[in-house]
Trainee: 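Take this structure, written in structure tokens, and hold onto it; I'll ask about it next.
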Amino acid sequence: MSYIPAELINRKKRGGRHSPEEIGWIISAFTRGEFKDYQMAAWAMAVWFSGMTDDEISALTMAMLQSGSRFDFSGLKSARVDKHSTGGVGDKTSLIIGPLLAACEVYMPMISGRGLGHTGGTLDKLESIPGFRVNLSREEFESHVARHYFAVMGQTADICPADKKFYALRDVTSTVDSLPLICASIMSKKLAEDLTAQVLDVKFGSGALMKTLDEARRLARALKSIGEKSGLRVTAVITSMNQPLGRFAGNAVEVFECHEILQGRTCVVGGRDLYEPTRELSITLAAHAVLLTGQVRDIHAAREQVIEQLRSGAALRAFERLLQYQGPADISRLPQAKQSQEVRAQKSGFVRSIKTEAMGLALIELGAGRKTSDAQIDPSAGVEMFLHLGDEVKAGNPLCRFFSNDSSAFSAVEKMMRDAIEIGDAPPVADSLIVEVLAD
Ligand code: URA
């Protein structure tokens, strides 16, 4: 059966619905190049304005999944869980959660992405470790997961190719931030991993795709419902991205922070451990993953099990094994930037807000992210946050320090970062990092 593209676009533009067959045809014709890019862009914009029903989102997810092939992990002896975050700045928890789950003997086959827009990507972070390989063959990935519980690779040409092509088009047509399109894009890739359960870190705030808590709740419910319809157990944790997560944002520096946490180290400044947000969020997400396997009776037992892997060094050993089987990679040779500069407060007061997306864009200027999809990144570029929301500052105090091998953008970046950190007379009502959990 074939359809008339303009008729389908027109129907969606006017708020109409599509049948699963129509959606299946749009995706397969687009993947084959018959439904042209300009038609797909118009259809995506129509979806942006008109939305989709739950049934349409499910049909879109399945059509994207079926555009490629799926892993088959059914031969593994226990549950397979992945963690997916909707993205942010300094969001590095995968590098800790993978080893934590491997140490708990929970399988975690993880297909990750590169930095997108102002948000960082797990593949770029891992590749900042000299020798780390993310371009695994399918067989290597399957064998690492089976032997070591945890492996990470990028999306290949045969995993959801429709999503790969569609995402690139959405990126340049201002249609990324559409709830139905985000849901289908994320969940098709997760379903391709052949999981039994999924933990979602759905972020809201100034550095997230979803700017408000209500939008994040809607996205979390929709993602959860699609996963559950396909037989997955899903927990969604809604978390704040109103400031960069933890001490560092960048690539090599985020790996450094995770390695420090896995080694049980702290970084206490002014009575507060700057590693605490990253450690706490990683433990919480990993504990929900363990709970979803059914191995433990409640979230308290799951947390205890996860914390014990950190305390005993078992998670560190799992990370060190990962560096060997996806390497050999040498963490002692993480690249360090040649140039750095501090940003100092121009007045006294309290950190009232942080424009986290603007911080992420400043990181791109430093070379930590890409302006075009084929650009090279500087793995050593990044920022170290000295202060967080609500902290008191005196004029002249350092707020953060940024670094890169290329200082040509330093004066622009200093202004961007200073403008992004708003200092006011009174402390803000700061939201907590972990706001709510939509449990299985
Ligand atoms: N991440 C994805 O994989 N897809 C989206 O659409 C948005 C975030």
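Ligands are counted one by one from 1 in listed order, and the atoms in each one are counted from 1 as well. Just so it is clear, the structure is predicted and the values come from calculations on it, not from any experiment.
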Trainee: If you draw the axis of the six-membered ring of F71, does the NZ or CZ of R138 fall within 45° of it and under 6.0 Å from the ring centre?
Mentor: yes
Trainee: Can you tell me how far the CD atom of Q336 sits from the CG atom of N405, to the nearest 0.5 Å?
Mentor: 10.5 Å
Trainee: Please say which of K92, R265, K125 ends up in a salt bridge (charged side-chain N to carboxylate O under 4.0 Å, His left out) with E257.
Mentor: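 Testing E257 for a salt bridge (charged side-chain N to carboxylate O under 4.0 Å, His left out) against K92, R265, K125 leaves exactly one candidate, K92.
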Trainee: May I ask you to identify the nearest protein heavy atom to atom 3 (O) of ligand 1, giving residue, atom name and distance to one decimal place in Å?
Mentor: K189 NZ, 2.5 Å
Trainee: Looking only at protein heavy atoms, which one is nearest to atom 1 (N) of ligand 1, and how far off is it?
Mentor: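 The closest one turns out to be I186 CG1, 3.9 Å.
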Trainee: Hydrogens and angles aside, do D406 and S404 bring a side-chain donor and acceptor to less than 3.5 Å of each other?
Mentor: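 Result is no, nothing qualifies.
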Trainee: Sort out for me which residue in R17, H18, K229 forms a side-chain contact (heavy atoms from CB on, under 4.5 Å) with D55.
Mentor: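 Going through R17, H18, K229 one by one, the side-chain contact (heavy atoms from CB on, under 4.5 Å) with D55 is satisfied by K229 alone.
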Trainee: Look at atom 8 (C) of ligand 1 and say which protein heavy atom is nearest, naming residue and atom and giving the distance to 0.1 Å.
Mentor: L209 CD2, 4.1 Å
Trainee: With only distance considered, is S185 within less than 3.5 Å of ligand 1 through an N or O on each side?
Mentor: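 The answer is yes, given that S185 and ligand 1 share an N or O pair closer than 3.5 Å.
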Trainee: T86 to ligand 1: N or O pair under 3.5 Å?
Mentor: no
Trainee: Does K83 pair with D201 as a salt bridge, N-O distance under 4.0 Å?
Mentor: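 Salt bridge: no.
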Trainee: Check whether any N or O atom of Y167, backbone or side chain, sits under 3.5 Å from an N or O atom of ligand 1, and answer yes or no.
Mentor: no
Trainee: Check contact between I182 and ligand 1, using heavy atoms of the residue and a distance below 4.0 angstrom.
Mentor: yes
